[in-house]
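Taking it in order: structure first as structure tokens, then the write-up.
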Amino acid sequence: MLILLAAPQAALADPEREYQAEGAAVEGGSSIAGAPTVTPGVHLDSFETGSAEVYEDGTVKYYRVDLEEGERIHGAATIDAPAYSEGLPEEYSALEVELGFVTAGGEDCNENSSDTVGETGTGDGPITTARVSGTLGPEQCAGDALFLQVIRKGPRAQETALPVEIQIAIEPAGLEGGEPAVAEPVEDEGASPVAPEDSEALDPGRSFLSATPLEPGSVVLDLVPGESAMLAIDVAEGQRLRWRTEVTAAPEDPGDLALRAYDAVRGQVAVDGGRWGINPSAAIQGGGMAAPVDLGNRSSENRSIASTWLPGRHYVQVQRLQRDRDDEPGGSAPVRLILTLEVEGEPLEDAAEPPVLEMGEDASMLSGEFSWARIARFLGAGVLGLTGLVTGVTGAVVLRRRR
């Protein structure tokens, strides 16, 4: 049952509850010749300007990645603009980030089209684009390096420098996957309801790098407009992630929620998520991966199945979208929901050990293991207590914060 709350004062977007970009500082070059060399990991750059139209280029930067023959790059870029201080204006401003790979000679070297996820039309919250390069070799993508081109687009905060996280992962030569695990997508109405162990709301991570690590089960979230909760959970080959959200308290006219899932290289994973209005008829939502994770899935002609190929760290983003500027202010009060995650199935006996890609210094955070420095940061912040890491799960098990 959805409880409607009266709120005499609006809870406006809090900068501390918005997405917080992170990464090792880097300054991209304005040309291929001036591109700095970057290694696998997450890098943070500043892109000075947008463009008058979304299809035009704003700031363009290049980064060099050295490769061996047969290797290719999994690249991603995440851009974020500050929330509108008074809610969404009547005329929205779009925001996008585009990326691609070129050789030293400027020739395109892309394996696939780019995959952009987020509220690009309004520039609300983090927007992520992921892409895979072609394979370095004498016949295509020739040379000893590829160059990642990142472009900021759109008029959102056009004259304000915005942070862009740039993630690089290298796929080794000869990584095989075999056949897809399933021929047709698995139909799923979502995880089973599970009571949270803690009735207090979780203080979640605010970026991919600071995503709160969870075990399967349930947590409580309180979300205000413009807030993104970033959560992480491990899914091995042979396992399938399922989710459920239940809104338990909300003001009148609270706006919309969105749930999205990503793999370790920030590619969107199909889980029947998306965006929906917060109202009594949609208080409960749910879904799950289209297939158990399997390296062979990326050869599937079905995009939903193909998205569930990379084992290891997965990310769940729960975002409360900003409301229109003219909406009643009481609707900006927090929305409380229960998020339940399940990990269904057992890891395959011959499951690939993550990371299957070279992830760099951030591999421990992106592939299913956490460094002690990372753990200490969580403990110091009081986000969670962590006394041990769970290395496997069997069946559909219940979710709690890692301890």
Side-chain angles (χ1 to χ4, degrees), residues 19 21-23 26 28 35 38 40-51 53-63 65 72-81 93-102 108-134 146-158 161-171 207-209 211 228 230 258 260-271 273-275 298 303 306-307 309-310 314-317 319 357 359 362 366:
Y19 189 88
E22 294 186 277
V26 69
V38 295
V42 181
H43 308 271
L44 184 62
D45 204 345
S46 178
F47 280 59
E48 290 73 17
T49 60
S51 58
E53 302 292 340
V54 71
Y55 52 81
E56 296 176 351
D57 293 349
T59 298
V60 182
K61 294 192 176 186
Y62 294 86
Y63 310 84
V65 183
R72 59 180 174 176
I73 307 168
H74 293 256
T78 299
I79 190 170
D80 186 52
S93 294
L95 177 66
E96 288 191 23
V97 60
E98 183 178 288
L99 62 85
F101 300 94
V102 296
D108 287 346
C109 185
N110 298 302
E111 175 74 12
N112 63 354
S113 58
S114 58
D115 180 18
T116 299
V117 184
E119 300 296 319
T120 58
T122 58
D124 181 6
I127 295 164
T128 295
T129 300
R131 199 166 201 178
V132 183
S133 77
L146 289 179
F147 296 82
L148 176 63
Q149 181 192 61
V150 181
I151 307 172
R152 175 182 166 183
K153 292 175 174 282
R156 176 81 165 93
Q158 184 178 349
L162 297 181
V164 177
E165 295 175 350
I166 297 159
Q167 181 174 318
I168 299 294
I170 295 178
E171 180 177 331
S207 72
F208 283 94
L209 285 183
S228 281
M230 298 298 295
R260 303 179 180 97
Y262 306 81
D263 60 21
V265 292
R266 308 196 187 187
Q268 185 176 24
V269 179
V271 294
R275 173 179 175 173
R298 63 176 173 172
R303 292 192 63 184
S307 73
W309 73 276
L310 184 61
H314 284 72
Y315 298 93
V316 176
Q317 176 197 7
Q319 179 183 2
L357 309 178
M359 307 292 295
D362 299 310
L366 298 170

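Just so it is clear, the structure is predicted and the values come from calculations on it, not from any experiment.
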Side-chain contact, heavy-atom cut-off 4.5 Å: [X] with [Y]?
X      : Y      : answer
Phe208 : Val42  : no
Asp80  : Leu162 : no
Val54  : Thr120 : no
Lys153 : Asp57  : yes
Val265 : Met359 : yes
Leu148 : Ile73  : no
Val316 : Val271 : no
Gln319 : Ser228 : yes

Please give me the minimum heavy-atom distance between [X] and [Y], naming the atom from each residue.
X      : Y      : answer
Phe101 : Gly75  : CZ-N, 3.9 Å
Tyr19  : Ser207 : CE1-CA, 3.4 Å
Thr116 : Val97  : OG1-O, 4.3 Å
Ser51  : Gln158 : C-NE2, 3.6 Å
Val269 : Asp263 : CG2-N, 3.6 Å
Pro163 : Leu44  : CB-CD1, 4.0 Å

Distance check, rounded to the nearest 0.5 Å: His74 atom NE2 versus Ile168 atom CD1?
11.0 Å
What is the distance from atom CG of Leu146 to atom OG of Ser133, rounded to the nearest 0.5 Å?
5.0 Å
Yes or no on side chain to side chain contact (heavy atoms under 4.5 Å, CB included) for Ile79 and Leu95, after CA distance, side-chain angles and deciding distance?
CA-CA 9 Å; Ile79 190 170; Leu95 177 66; 3.9 Å; yes
Just by distance, do the side chain of [X] and the backbone of [Y] share a donor-acceptor pair under 3.5 Å?
X      : Y      : value
Thr78  : Thr128 : no
Arg152 : Phe47  : yes
Gln167 : Ala264 : yes
Arg131 : Leu99  : yes
Lys61  : Ser46  : yes
Asp124 : Glu119 : no

Stepwise side chain to side chain contact (heavy atoms under 4.5 Å, CB included) test for Val150 and Asp45:
CA-CA 10 Å; Val150 181; Asp45 204 345; over 6 Å; no
Between Tyr62 and Gln149, is the side chain to side chain donor-acceptor pair (under 3.5 Å) condition met? List the steps.
CA-CA 5 Å; Tyr62 294 86; Gln149 181 192 61; 2.8 Å; yes
Step by step, work out the side chain to side chain contact (heavy atoms under 4.5 Å, CB included) result for Glu98 and Thr129.
CA-CA 6 Å; Glu98 183 178 288; Thr129 300; 5.8 Å; no
Closer than 4.0 angstrom, basic N to acidic O: yes or no for Arg298 and Glu171?
yes
